[in-house]
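The figures here come from the full heavy-atom set of this structure, side chains too, leaving out hydrogens, waters and symmetry mates. What you are looking at is a predicted structure, and each value in this text was computed from that prediction instead of being measured. In each ligand, atom 1 is the first atom listed, and ligand 1 is the first ligand listed.
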Amino acid sequence: MALVPLHLVISLTILLHFVAAQQTNGSVSVGASLTATPDAKPWLSSSGEYALGFKQVQDNFLLSIWYDKIPEKTIIWYPEDGPSVPAGSKVDLIDRSGLVLSDPQGKEVWSSRSISDLAYAYMNDTGNFVIAGSNSRNIWESFDHPADTILPTQVIPRGGVINSKMGKTNFTHGRFQLRLLQDGNLVLNTLEMFSGSAGNAYYISGTRDESNATNSGFQLVFDTAGYMYILRGNGERVDLTVRDSLPSGDNYHRATLDSDGVFTQYYYPKNPTEATSWRVIWYVPENICKTIDSKACGLNNVCSLDDNKPKCECPQGFSLIDPNTPNGDCKPDFIPSCDEGESNNGGDVFDFIELTNIDWPTSDYVHMNPTNEQTCRTSCLNDCFCAVAIYRDNQCWKKQLPLANGKKDPSQNVKAFLKFRKIDGPSGTGENKNGTGENKSGTGENKSRRTLILVGSVFSSMFVLGIVLLIGVIYVCFLQIHKKKAGNSFPDSAPVETRLARFTYQELFEATDGFKVELGKGAFGTVYKGVIGTKIVAVKKLETMVKDGQKEFKTEVNTIARTHHKNLVQLLGYCDDGEQRLLIFEYMSNGTLAFFLFGDIRPSWKQRSYIMIGIAKGLSYLHEDCSNQIIHCDIKPQNILLDDYYNAKIADFGLAKLLMINQSRTNTGIRGTKGYVAPEWFRNTPITFKVDVYSFGVLLFEIISCRKSVVFDDDVEDVTVLTELAWDCYHEGKLDAFVENDLEALDDFKKLTRYMMVGLWCVQENPSLRPTMKKVIQMLEGVGEVTEPPCPCPFSVTSYCSSSN
Ligand SMILES: *[C@@H]1O[C@H](CO)[C@@H](O)[C@H](O)[C@H]1NC(C)=O
Ligand SMILES: *[C@@H]1O[C@H](CO)[C@@H](O)[C@H](O)[C@H]1NC(C)=O
Ligand SMILES: *[C@@H]1O[C@H](CO)[C@@H](O)[C@H](O)[C@H]1NC(C)=O
Ligand SMILES: *[C@@H]1O[C@H](CO)[C@@H](O)[C@H](O)[C@H]1NC(C)=O
Ligand SMILES: *[C@@H]1O[C@H](CO)[C@@H](O)[C@H](O)[C@H]1NC(C)=O
Ligand SMILES: *[C@@H]1O[C@H](CO)[C@@H](O)[C@H](O)[C@H]1NC(C)=O
């Protein structure tokens, strides 16, 4: 221990010695250190041209090497990821550790990890910081650990990598890489931000020789004169800097992978006669906006060349997520259309900004050919997925968010119709939390525009169509109507005034052309296609008659009618004509979710996610938000319908109560839909809205995997196969097996895992463990935390986990 003070004394002596000597030969002694302060002196090379020290970047400091004699003091090296440290941080040259950067508390932030015995270090006049060992060997060189820049005399071997920085003042590694691959090619590629893996190359030197590997690229060389070339294994040079293209005179040279993804060689006169700046000698690629793989600008961003440098600009109506990263992602200033109730009344809510010569070539999901401009616009306006429509040569491409690879290209004569919200601001978002979303005692004029839109979507919109109904197995349910807690919405005692149209049987007979076209047969009756006015509707002829039902029918119809939500099929009218009882619903052009999910083509992961959240919202509204709590009791894909734009709408809510008013499950037993029934149906426990949560969980697994929970020709009694499979796959970390290698889903692994966990919580044996639908939505959307779900053991298992209550 006596050594310590002695060591300190020696260090101090050396330090003082060094301070006097630093101007002379660039040497740095072991034990020397620098502290991050605005006026700290750096370690200079002997010519004074290069310096290593702390450079102030905004409020913090960056350990770096820079050109000290040019006014810009351009930075050419920094430790990987450019850690920014507060004032008072230090860098020390420590024996058996090397260069060590630590914060003011003494905690190590970065180190060169040079664990040999050190002799000294020096800032060389090439811009290379070198740590030498006791045997005069170079132990560590900044040239071996390049940041975003290489300098003359520096060589990049195979496997070498240069990372761009994030932005002007952000030295974290950015989105681009220059690599000399093992196969001999020099490439530029984008980095996938989340996985960190290299994307496709957007520049390839072509220095790989397939027939004879010795002729492949071997080193990237930046020679003393300022020429850069790739050296092949056989000694041949492949020039990057064109011969004789270097400017005359004494110049600094550097080649930097700029944060915009362009690899550029620059020069700067050492003895300028006038004010000057870095000038370009050459760069690759030629036009980074043109190469799709470069992703030069982030999502929703637009790339254009400005004086040969790429420039990224968010289109009108969008702004940068991070204002300091202009080539990053842009976000829309409005809420994208699919998240809202009014989404499908395009014209009322959205309009277009017309842009010319801008395209996002890869984001289309619909291509219309041939078409005209007006159809193209209308189609996009009324399609909630459509964010922009591109119109060119009588063709239309509809594109959805996020828009990738945006570029400005005057050579292409395209028109882009970019959708934006007319009524702006965050107040126009979200559901009406006050209940039915309609002030029924008011008239049209004094309602909010939003309410108008909502009502409009039901009664007057050209997109209101009708309903296709279920082919399903009936089961008994009871529906509970509770008065909402005080202060909420409509008290039950208030006169119920609905806008529900009443029809005579004769009118409906005519509307359906004598009940000619059958859309489906459901639990409660048969559904026919009809036309009322100009609207296509679905007319449901109820079969089961309610004894003494006159008053009940009206009450229940009114209950259903005032249950408005964009994810519920809307009741438009009814007929109560003697023995004949019929209900008129919106027509749903895209049929049932069952048809959609289990068809020949697997629908996209994005659409499925969207549908899933829609169903959750509709169900949550039934359970919690509307003036009457409604348990659906028969949630299954046959009972979910899809409108023109694949908005999910729950059908047949409230009908159980309407038609089976005198029945209860105790005297009818369970005849539920196999596979979706919650275990409490088999027990003597109360039926609550948690039965719907269970069924939703099963549905969730079906949507995730596009597999049926029930196969009807399978006589096996155990119908919980899908939930068991879900648990097994989740438990064993084999989600790829569960989604049958659905790459889209696997690509979105975090979300996939979250959805699985939510599903497993929903199908818990014990109803009290299942979350409410409100909680489910939060978890699905990633707002709420999802904890590790326990095993949802099936009711047949009487092990520790069948925790009945
Ligand atoms: C630099 O100068 C110091 C003192 O003048 C000396 O000890 C050291 O050996 C020199 N280093 C080099 C690399 O010349
Ligand atoms: C140091 O710089 C000189 C020229 O100033 C050069 O010849 C030498 O190779 C450099 N050494 C290192 C390790 O970079
Ligand atoms: C640099 O950018 C990254 C990514 O955008 C961000 O996480 C980080 O906080 C930024 N750092 C600084 C110092 O601004
Ligand atoms: C590969 O090229 C080198 C140099 O050009 C030559 O010496 C060698 O014979 C070649 N090898 C083969 C297998 O052609
Ligand atoms: C909901 O009701 C509350 C109080 O009754 C009111 O302040 C609020 O503005 C209403 N919100 C909407 C969206 O109607
Ligand atoms: C509905 O609107 C009418 C007239 O504008 C108003 O008097 C009444 O208070 C409103 N009711 C609710 C529940 O907002």
Verify side-chain hydrogen bond (donor to acceptor under 3.5 Å, both in side chains) between D148 and T256, making sure each step is shown before the conclusion. CA-CA 6 Å; D148 63 346; T256 301; 5.3 Å; no

Min side-chain heavy-atom separation V280-Y266 under 4.5 Å: yes

Under 4.0 Å from atom 5 (O) of ligand 4, is there any protein heavy atom? yes

Please identify which atoms of ligand 2 are closer than 4.0 Å to at least one heavy atom of T126. 2 (O), 14 (O)

Report, in ascending order of atom number, the atoms of ligand 2 lying under 4.0 Å from any heavy atom of N138. 13 (C)

Under 4.0 Å from atom 11 (N) of ligand 2, is there any protein heavy atom? yes

State whether the SG distance for the cysteine pair C289/C297 is less than 2.5 Å. no

Taking only non-hydrogen atoms of T172 and a 4.0 Å limit, the atoms of ligand 3 in range are 1 (C)

If you measure every N or O of N170 against every N or O of ligand 3, does any of those distances drop under 3.5 Å? yes

Check: W282 ring centroid to F263 ring centroid under 6.0 Å: yes

Ring pair (Phe, Tyr, Trp, His ring centres under 6.0 Å) between Y78 and W66, worked out: CA-CA 9 Å; Y78 42 87; W66 63 84; over 10 Å; no

Heavy atoms from other residues, nucleotides or ligands near CD of E72 exceed 12 (cutoff 6.0 Å): yes

Return the closest protein heavy atom for atom 8 (C) of ligand 2 as residue, atom name and distance. N124 ND2, 3.6 Å

Give me the nearest non-hydrogen protein atom to atom 9 (O) of ligand 4 as residue plus atom name, then the distance to 0.1 Å. N212 ND2, 4.7 Å

Nearest non-hydrogen protein atom, atom 13 (C) of ligand 3: S84 OG, 4.3 Å

Any luck finding a side-chain donor-acceptor pair between W278 and T74 under 3.5 Å? yes

Residue V130 vicinity, atoms of ligand 2 by number, heavy atom under 4.0 Å: 13 (C)

S304 and D306: side chain donor to acceptor below 3.5 Å: no

Measure from atom 2 (O) of ligand 3 to the protein's non-hydrogen atoms and state whether any distance is below 4.0 Å. yes

Backbone or side-chain N or O of E141 under 3.5 Å from ligand 2 N or O: no

In terms of atom number and element, which parts of ligand 4 are under 4.0 angstrom from non-hydrogen atoms of T214? 1 (C), 2 (O), 3 (C)

Taking atom types as modelled, find out whether Y755 and D748 have a side-chain donor-acceptor pair closer than 3.5 angstrom. no

